[in-house]
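What follows is one structure encoded as structure tokens, with my remarks underneath.
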Amino acid sequence: MPELPEVEVTRRRIESSLVGRTITSVRTTKASYFFLTPPRELAARLTGRRVAALTRHGKYLIAELDDASRLLLHLGMTGQLFTASARSVRLLTSTRGGALTPEAQGAFEPDAHTHLMLTFDDAAEDVLFRDVRKFGKVLWIARGANDPRLTKLGPDALGVTAGLLHDATRGRKAAIKTVLLDQGVLAGVGNIYADEALFRAAIRPKRAAKSLTRKECERLAEAIRAVLERSIETGGSSISDYVQPDGSDGAYQNERKVYARAGEACLTCASKIVRIVLGARSTHYCPKCQR
DNA sequence: CACTTCCCCTGCAAGC
DNA sequence: TGCTTGCAGGGGAAGT
């Protein structure tokens, strides 16, 4: 499940395959809510455009194009961006969760889940966007235009501060974890890293947000940054569907302390990790370490 | 406005 | 073994 670290790892890996190249053809699957811009229009808008930069805000990737329009990409739950070329003859085969990993020999054949395929003027590798569950999104934004999906985002989570958390939590009685998942407060934290950061900060997920002290906001801000940065370093978490753009697994799942460890021993105090449901999301914490 | 619930989708695991 | 059912979850819409 791509959150900020997985999206950032993807951005870094795919950047050199995208920036500076000119799109010569666009292939898509049929219209669906995956395409916030209809496939036909998307193809027309993108063809002939050169990619000037690839940036990220929260979980969104933003390809800035040479005519000052932008292509917004969201990986949703199972989205994968990757490259493929006939020359490198990489075969991408299905693994758990329908994820693709490179294996053996042979050219990649776009399957029914490969919704966007870009080819370029240099005829080198293609860039593909595959998404089994179609929770991902593709949106083209005209020059000078904007979209609430971007404008309503809070600051990127890598830049979180204690002050931001303290301000955002005043007067909010919702659970602190729910507030962390609110992309309008902080952009990029999802279910895994919310649980992991709250463990590191020793704060219970269901605590009323407004009950957090200044000190706790400081611990939480530090924890969010530390957890996200460490995950980026290790290539992200490969827990269900996510694989890196080269097809290999990230390694952060090996360092997680609470996420998807219900019933297992806390690595600090050996208490059993508890699983509850908060805001329709599974939530994991240590009842002894987190208060 | 704040907060909660529901729903989009598909593959996989569990249960019978 | 083969079928059915339930579950996972980002984020936006709809409901309270």
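Letters go in sequence order (proteins before strands), and every chain restarts at 1.
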Checklist line | Side-chain (R11(A)) to main-chain (L54(A)) donor-acceptor, under 3.5 angstrom | finding: yes

Checklist line | Any donor-acceptor N/O pair, H115(A) side chain to H113(A) backbone, under 3.5 Å | finding: yes

Check: With sequence neighbours excluded, what pairs up with S16(A) under the side-chain contact (heavy atoms from CB on, under 4.5 Å) test?
Finding: none

Separation of [N] [atom2] from [X] [atom1] (nearest whole Å):
X	N	atom1	atom2	value
K137(A)	dC9(B)	NZ	P	10 Å
K134(A)	dC7(B)	NZ	C1'	15 Å
D131(A)	dC8(B)	CG	C1'	12 Å
F34(A)	dC9(B)	CZ	C1'	12 Å

Item checked: L139(A): hydrophobic cluster co-members (side-chain, 4.5 Å) -> L36(A), Y60(A), I62(A), L72(A), I141(A), L150(A), L153(A)

Across the strands shown, which category fits [X] at heavy-atom distances under 4.0 angstrom: base, sugar-phosphate, nothing?
X	value
A280(A)	nothing
Y33(A)	sugar-phosphate
S282(A)	sugar-phosphate
R275(A)	sugar-phosphate

Notebook entry, point to check: Are side-chain N/O atoms of T78(A) and D131(A) paired as donor and acceptor at under 3.5 Å?
Noted result: yes

Next item on the list: Would you grab the first and last nucleotide of DNA chain C (5' to 3') that comes under 4.0 Å of any non-hydrogen atom in chain A?
Entry: dA8(C) to dG12(C)

Notebook entry, point to check: Do any side-chain nitrogens or oxygens of H113(A) fall under 4.0 Å of OP1 or OP2 in dC9(B)?
Noted result: no

Next item on the list: Respond yes when some side-chain nitrogen or oxygen of R172(A) is under 4.0 Å from OP1 or OP2 of dC3(B), and no when none is.
Entry: yes

Next item on the list: To the nearest 0.5 Å, tell me how far D126(A) CG sits from R27(A) CZ.
Entry: 8.5 Å

Next item on the list: Look up atom CD1 in I192(A) and atom OH in Y259(A), then write down how far apart they are to the nearest 0.5 Å.
Entry: 5.0 Å

Next item on the list: By nearest nucleotide on DNA chain B, pick out whichever of R281(A) and G171(A) is the more 5' one.
Entry: G171(A)

